[in-house]
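First the structure, in the form of structure tokens, and then the observations on it.
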Amino acid sequence: MSEAAQPLLEVNGLKKYFPIKSGLLSRTVGSVKAVDDISFSIKQGETFGLVGESGSGKSTVGRTILRLTDKTDGEVKFKGVDLYKLAPQELRQLRPKMQLIFQDPYSSLNPRVRIGDAIGEALLDHGLAPREEIRDRVMDVLAACGLSSYHIDRFPHEFSGGQRQRVGIARALVLNPDLIIADEPVSALDVSIQAQIINLFRKMQDTQGLTYLFISHDLSVVEHLCSHIGVMYLGSMMETASRGELFRNPLHPYTKALLSAVPIPIPKLKRERIVLSGELPNPANPPSGCKFHTRCPFAVARCREEAPLFRNVGNDHSVACHLV
Ligand code: SF4
């Protein structure tokens with residue numbers, strides 16, 4: 001395989017189960033299968049959008065990839081290196097190359113630390129720049145993220161929501177990463193500010209060749225940025241395809257329902273809205289067979305008994321549904 005075709009990130013059979021404890025002795029009585037055997041890969045310079053309702057496990061995927069929480073099973077490879085086989089010191093050396101951006105960067109900023117110091121401390125921690133160069137490096141990254149030089153001496157509470165997200169992006173970018181995992185990075189922002197931040201993500205990808213795993217509950221946001229999309233439901237991957245293929249030819253009933261809620265800019269092109277009945281089932285006690293069968297308008301008897309295989313149906317399009 002040529003280097004260009006080599007995935008930057010490979011996730012194979014990843015599982016993350018959280019134990020449920022009960023009783024005085026805190027015995028394990030079950031588990032929440034937050035991530036249940038999912039696989040996907042992202043090539044250098046691509047953006048993979050991971051979508052699904054709140055509680056589908058998509059944020060846990062991001063955290064498990066970065067080893068912020070331990071996996072239960074499976075494999076995560078970054079540039080061909082299995083991250084779970086690295087010693088703590090080796091993982092620490094690799095950390096700057098894989099950065100996480102949160103929905104609300106304010107929660108990760110110390111309110112008493114000036115933004116310039118908050119951004120620069122990561123450079124110092126990892127020994128990536130001498131102290132006398134830090135201020136210039138921070139100024140450069142602030143400018144690249146659309147912030148002004150005077151922001152360097154401001155405190156987090158002096159920034160608007162959109163500016164804080166720019167700070168979050170600057171804090172990740174200053175380390176010169178290859179992979180950014182962005183977890184709902186625009187969900188808390190007004191629509192007009194969302195567009196600005198998405199444009200910033202795009203610009204950074206063009207200028208720095210970044211690769212993104214973009215986690216969102218909103219398919220219309222993912223549509224603007226992602227080249228490939230994976231749809232998760234209750235810890236499982238239901239469908240993956242390129243953006244064009246998924247929007248043109250969605251195969252899984254859950255994807256169809258999510259897509260039916262995405263506004264179409266051309267009013268004449270009406271798409272029938274599919275409203276899912278019921279709530280997301282309890283992940284500690286997921287439905288048997290196909291996890292989606294309790295809400296699927298097309299479910300047949302087999303769906304209640306047998307889980308569908310996640311399989312490639314051609315055109316780099318994979319789906320888990322008995323009817324496809
Ligand atoms: Fe619906 Fe059955 Fe397909 Fe699951 S396997 S999505 S329940 S039709």
Side-chain angles (χ1 to χ4, degrees), residues 11-18 30-41 48-61 72-74 214-223 226 228-264 270-324:
V11 175
N12 298 315
L14 188 66
K15 294 181 185 174
K16 175 63 190 179
Y17 298 170
F18 292 100
S31 61
V32 174
K33 297 180 177 178
V35 180
D36 197 9
D37 196 6
I38 71 160
S39 302
F40 63 94
S41 62
F48 189 95
L50 201 54
V51 292
E53 289 164 279
S54 169
S56 60
K58 51 196 191 310
S59 294
T60 308
V61 172
T72 301
D73 201 1
F214 197 91
I215 295 169
S216 176
H217 67 281
D218 188 346
L219 255 177
S220 56
V221 168
V222 162
E223 180 189 9
C226 300
H228 289 76
I229 296 172
V231 179
M232 280 188 76
Y233 184 79
L234 221 56
S236 297
M237 194 71 92
M238 294 291 156
E239 186 163 11
T240 58
S242 68
R243 175 187 53 191
E245 170 72 10
L246 194 91
F247 274 74
R248 207 170 32 244
N249 183 30
L251 296 175
H252 197 282
Y254 181 54
T255 311
K256 288 180 184 174
L258 291 182
L259 272 175
S260 77
V262 175
I264 304 177
K270 282 215 172 106
R271 198 155 38 195
E272 196 187 335
R273 180 81 197 264
I274 304 169
V275 181
L276 291 176
S277 58
E279 299 288 315
L280 195 72
N282 181 355
N285 186 23
S288 59
C290 174
K291 290 178 178 174
F292 187 55
H293 85 251
T294 53
R295 300 170 80 193
C296 180
F298 309 103
V300 292
R302 183 184 176 199
C303 304
R304 285 185 277 280
E305 290 148 18
E306 191 186 327
L309 290 176
F310 185 69
R311 60 197 176 82
N312 192 329
V313 292
N315 217 8
D316 208 12
H317 192 158
S318 298
V319 64
C321 176
H322 290 311
L323 300 190
V324 179

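For ligands, and for the atoms within them, numbers begin at 1 and follow the listed sequence. Numbers for residues simply follow the sequence, beginning at 1. All values reported here derive from a predicted model rather than from experimental measurement.
Residue contact annotation: His252 places no N/O/S atom under 2.8 Å from atom 1 (Fe) of ligand 1.
Of all protein heavy atoms, the one lying nearest to atom 1 (Fe) of ligand 1 is Cys296 SG, 2.4 Å. Protein heavy atom nearest atom 5 (S) of ligand 1, with residue, atom name and distance: His322 N, 3.3 Å.
Among Cys290, Cys321, Cys303, the residue whose heavy atom sits closest to atom 2 (Fe) of ligand 1 is Cys303.
Atom CG of Leu234 sits about 9.0 Å away from atom CZ of Arg295, to the nearest 0.5 Å.
Not less than 6.0 angstrom separates the ring centroid of His228 from the ring centroid of Phe40.
Within the listing of ligand 1, atoms 8 (S) sit less than 4.0 angstrom from a heavy atom of Leu323.
A donor and an acceptor atom, one from each side chain of Thr60 and Lys16, are nowhere located under 3.5 Å apart.
Within the 4.5 Å cutoff, no side-chain heavy atoms of Glu245 are placed close to those of Asp316.
Although no hydrogens or angles enter the test, the distance criterion places no donor-acceptor pair under 3.5 Å between the side chain of Ser288 and the main chain of Glu305.
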